[in-house]
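For the single chain, residues carry numbers from 1 onward in sequence order. Source: prediction; values computed, not measured.
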Amino acid sequence: MPSASNSDFINVMESRGFIHQCTDSDQLSELSRSEVVTAYNGFDATADSLHVGHLVTIMMLRWMQKTGHRPIVLMGGGTTRVGDPSGKDETRQLLDDESIGKNISKIQITFERFLDFGDGKSSAVLVNNAEWLDTLDYIPFLRDVGRHFTINRMLTMDSVKLRLDREQPLTFLEFNYMILQSYDFVELYKRYGCTLQTGGSDQWGNIVNGVDLGRRMANAELFGLTCPLITTSSGAKMGKTAAGAIWLNSDRVSPYDYFQFWRNTGDSDIGRFLSLFTELPLEEIARLKQLKGGEINEAKKILAYHTTSLLHGEEAAKNAMKTAQATFEGGTLGQDLPKVEVSAKDIGAGISIVDLLSKSDLCQSKGEARRLVKGGGAKLNDSRINDDSRMLLEQDFTNGEAKLSAGKKRHAVIVLT
């Protein structure tokens, strides 16, 4: 329940399940009740899209803005060139500056969906840490910043300790990441008055180092707030599926597939995901959590609609819902299903079903497609495919379309052109 002694921001964070750890929640609550707090979350540009695993920290920034505070999106144009070892078993592939720049420009689209950028007191700001990291002189940086870090303490950080415990290489480059992230916090404090860093719980050590560095270098009172790393009730990492990561950019994962990801949420995860990933009132979420049996599917549709609407807009969410209803309830082919075009001149001898399963992204490879067929999970026009040498033939089409399925919930339309 919300507390009268807490600020609106802290009440939202607590009541909706965002808080895992906080350096000083009482003091942060007092500060956020008396003034506009500037907070940042960092995102490295290792791909041209973020994925669902990033969504909880994006929602934290969104709620910060909705409760009157200023969010900073820090793009890691500099730190991406180093690679964050947190939670990683191996060194990331290093990207060149051009690739990082292209990734940042595409990732920015996502933040424009969730945050309002402008000139107001609580308007969001997008910053690239390459602005200061790219101009650092090595020896002065070691002298002015590196002296505040001890190897003893750095070796106790989970991002380092886990890699060493597994006897997996940790490069000197990656070892420096926590120093650079700490320095980011100090720079953002100096440039923007930023006093709060948010992040996933795997970032706690890096965040605490930044709080400490701010005190040492600038006599600043800084705060850290982490959210839990989100897993499903089965223990699976959030956003990871058999088909791969659930990306946030629509050219990676269509609005329909994004809708279906949320529609397929496990029953026991519904309440938690509604709290974290939608803006529905908690009273409504409490009602939806109580639904049982077939009624729980209505809660899943509501979750899917609101999450898709936040990311892709209401029209896309409505279209995705219509497609899902047509496909699963109406027995027809919805308009937003993924489509693969095949030429009439190529259909004469037939086209390999295995090839089409891979080409339609229902499977990640031909090997996976063959395993799907052998396991009985592949269907053509709702009939099981029993032979991985099965060919798609002209007689399989109705009005120029054929339906290809992987399991009960993933479908594509093969269109004859």
Side-chain angles (χ1 to χ4, degrees), residues 12 16 18 48-68 71 73 106-118 120 122-124 126 230 238-239 241 245-265 269-289 291 295-330 332-339 409-413:
V12 168
R16 301 188 80 95
F18 283 101
D48 63 2
S49 172
L50 301 178
H51 54 72
V52 164
H54 295 103
L55 194 56
V56 65
T57 52
I58 296 174
M59 290 299 294
M60 290 174 78
L61 293 179
R62 181 176 172 87
W63 278 113
M64 167 154 275
Q65 187 171 54
K66 288 175 70 69
T67 54
V73 175
K106 293 198 70 175
I107 290 171
Q108 186 173 350
I109 298 170
T110 294
F111 292 110
E112 290 170 352
R113 290 284 191 182
F114 286 91
L115 302 171
D116 293 326
F117 292 84
S122 61
S123 293
L126 189 139
I230 307 302
M238 182 68 177
T241 70
I246 304 301
W247 301 99
L248 300 185
N249 284 17
S250 59
D251 58 350
R252 286 269 204 154
V253 170
S254 70
Y256 169 76
D257 285 335
Y258 189 75
F259 180 97
Q260 282 300 109
F261 167 77
W262 294 104
R263 171 64 180 81
N264 294 330
T265 294
D269 290 321
I270 287 294
R272 186 163 55 107
F273 287 1
L274 282 166
S275 294
L276 292 170
F277 302 116
T278 79
E279 296 174 341
L280 286 173
L282 292 175
E283 295 79 8
E284 174 66 4
I285 292 172
R287 182 189 71 81
L288 293 170
K289 283 174 62 176
L291 297 178
E295 290 183 338
I296 196 69
N297 287 324
E298 293 306 311
K300 294 181 182 182
K301 291 176 187 177
I302 290 171
L303 172 66
Y305 177 82
H306 283 276
T307 51
T308 305
S309 181
L310 275 173
L311 178 61
H312 295 297
E314 287 190 22
E315 184 176 354
K318 289 177 181 177
N319 289 338
M321 180 171 281
K322 288 178 183 177
T323 295
Q325 289 173 338
T327 303
F328 296 102
E329 299 171 20
T332 60
L333 294 179
Q335 292 302 306
D336 280 357
L337 285 177
K339 292 180 172 60
K409 299 176 180 178
R410 301 181 61 236
H411 311 278
V413 181

Q | Pairwise distance NE2(His411) to OH(Tyr256) - rounded to 0.5 angstrom | A | 5.5 Å
**Q.** Expected output: side-chain Gln260 to main-chain Ala324 donor-acceptor under 3.5 Å
**A.** no
Q | Contacts of Arg272 that satisfy salt bridge (charged side-chain N to carboxylate O under 4.0 Å, His left out) - sequence neighbours left out | A | Asp269
Q: Output all residues satisfying side chain to side chain donor-acceptor pair (under 3.5 Å) with Glu279, sequence neighbours left out; order by chain, then residue number.
A: Arg62
Q.
Using side-chain heavy atoms (C-beta onward) and a distance below 4.5 Å, is Tyr258 in contact with Leu248?
A. yes
Q) Hey, what do you get for CG (Asn319) to CZ (Phe259), rounding to the nearest 0.5 Å? A) 11.0 Å
Q) For the atom pair NZ (Lys301) and CD (Gln325), what is the distance rounded to the nearest 0.5 Å? A) 6.0 Å
**Q.** Spacing of Lys66 atom NZ and Ser122 atom OG [to the nearest 0.5 Å]
**A.** 11.0 Å
Q) Does the side chain of Leu55 come within less than 4.5 Å of Leu311's, by heavy atoms? A) no
Q.
What I'd like to find out is whether the side chain of Thr278 reaches to under 4.5 Å of the side chain of Phe273, using heavy atoms alone.
A. no
Q) Hey, is the main chain of Leu115 close enough, under 3.5 Å, to the side chain of Gln65 for a donor-acceptor pair? A) no
Q: Determine the minimum heavy-atom distance between Leu310 and Phe114, stating which atoms define it.
A: CB-CE2, 4.0 Å
Q. What closest approach, in Å, do Ala299 and Ile270 show between heavy atoms, and which atom pair accounts for it?
A. CB-CG2, 3.9 Å
Q.
Test of understanding: with side chain to side chain donor-acceptor pair (under 3.5 Å), list the residues that count as partners of Arg113, not counting sequence neighbours.
A. none
(Q) Please report the interatomic distance CG(Asn249) to CD1(Ile107), rounded to the nearest 0.5 Å. (A) 7.5 Å
Q. Looking at CD of Glu298 and CG of Leu291, how far apart are the two atoms once the value is rounded to the nearest 0.5 Å?
A. 8.5 Å
Q.
Measuring only between side-chain heavy atoms, which start at C-beta, is Gln108 closer than 4.5 Å to Val73?
A. no
(Q) As a quick check of understanding, evaluate side chain to side chain contact (heavy atoms under 4.5 Å, CB included) for Lys300 and Leu303, giving each step before the final call. (A) CA-CA 5 Å; Lys300 294 181 182 182; Leu303 172 66; 5.5 Å; no
Q. Ile285 and Arg16: which non-hydrogen atoms are nearest, and at how many Å?
A. CD1-NH2, 3.6 Å
**Q.** Test item: Lys289 and Leu274 side chains (from C-beta on) under 4.5 Å apart, heavy atoms
**A.** no
Q) Can you find a pair of side-chain heavy atoms, one from Trp262 and one from Val52, that are under 4.5 Å apart? A) yes
Q: Dump the intermediate steps for side chain to side chain contact (heavy atoms under 4.5 Å, CB included) on Ile58 and Leu50, then the final yes or no.
A: CA-CA 10 Å; Ile58 296 174; Leu50 301 178; 4.0 Å; yes
Q | Lys318 bridged to Glu315 by N-O distance under 4.0 Å | A | no
Q. For the residue pair Ala320 and Pro255, what are the closest heavy atoms and their distance?
A. CB-O, 4.1 Å
Q) Below 4.5 Å, heavy atoms only, C-beta onward: do Leu276 and Met59 meet side chain to side chain? A) no
Q. Just wondering, do Tyr305 and Arg263 contact through their side chains at under 4.5 Å, heavy atoms?
A. no
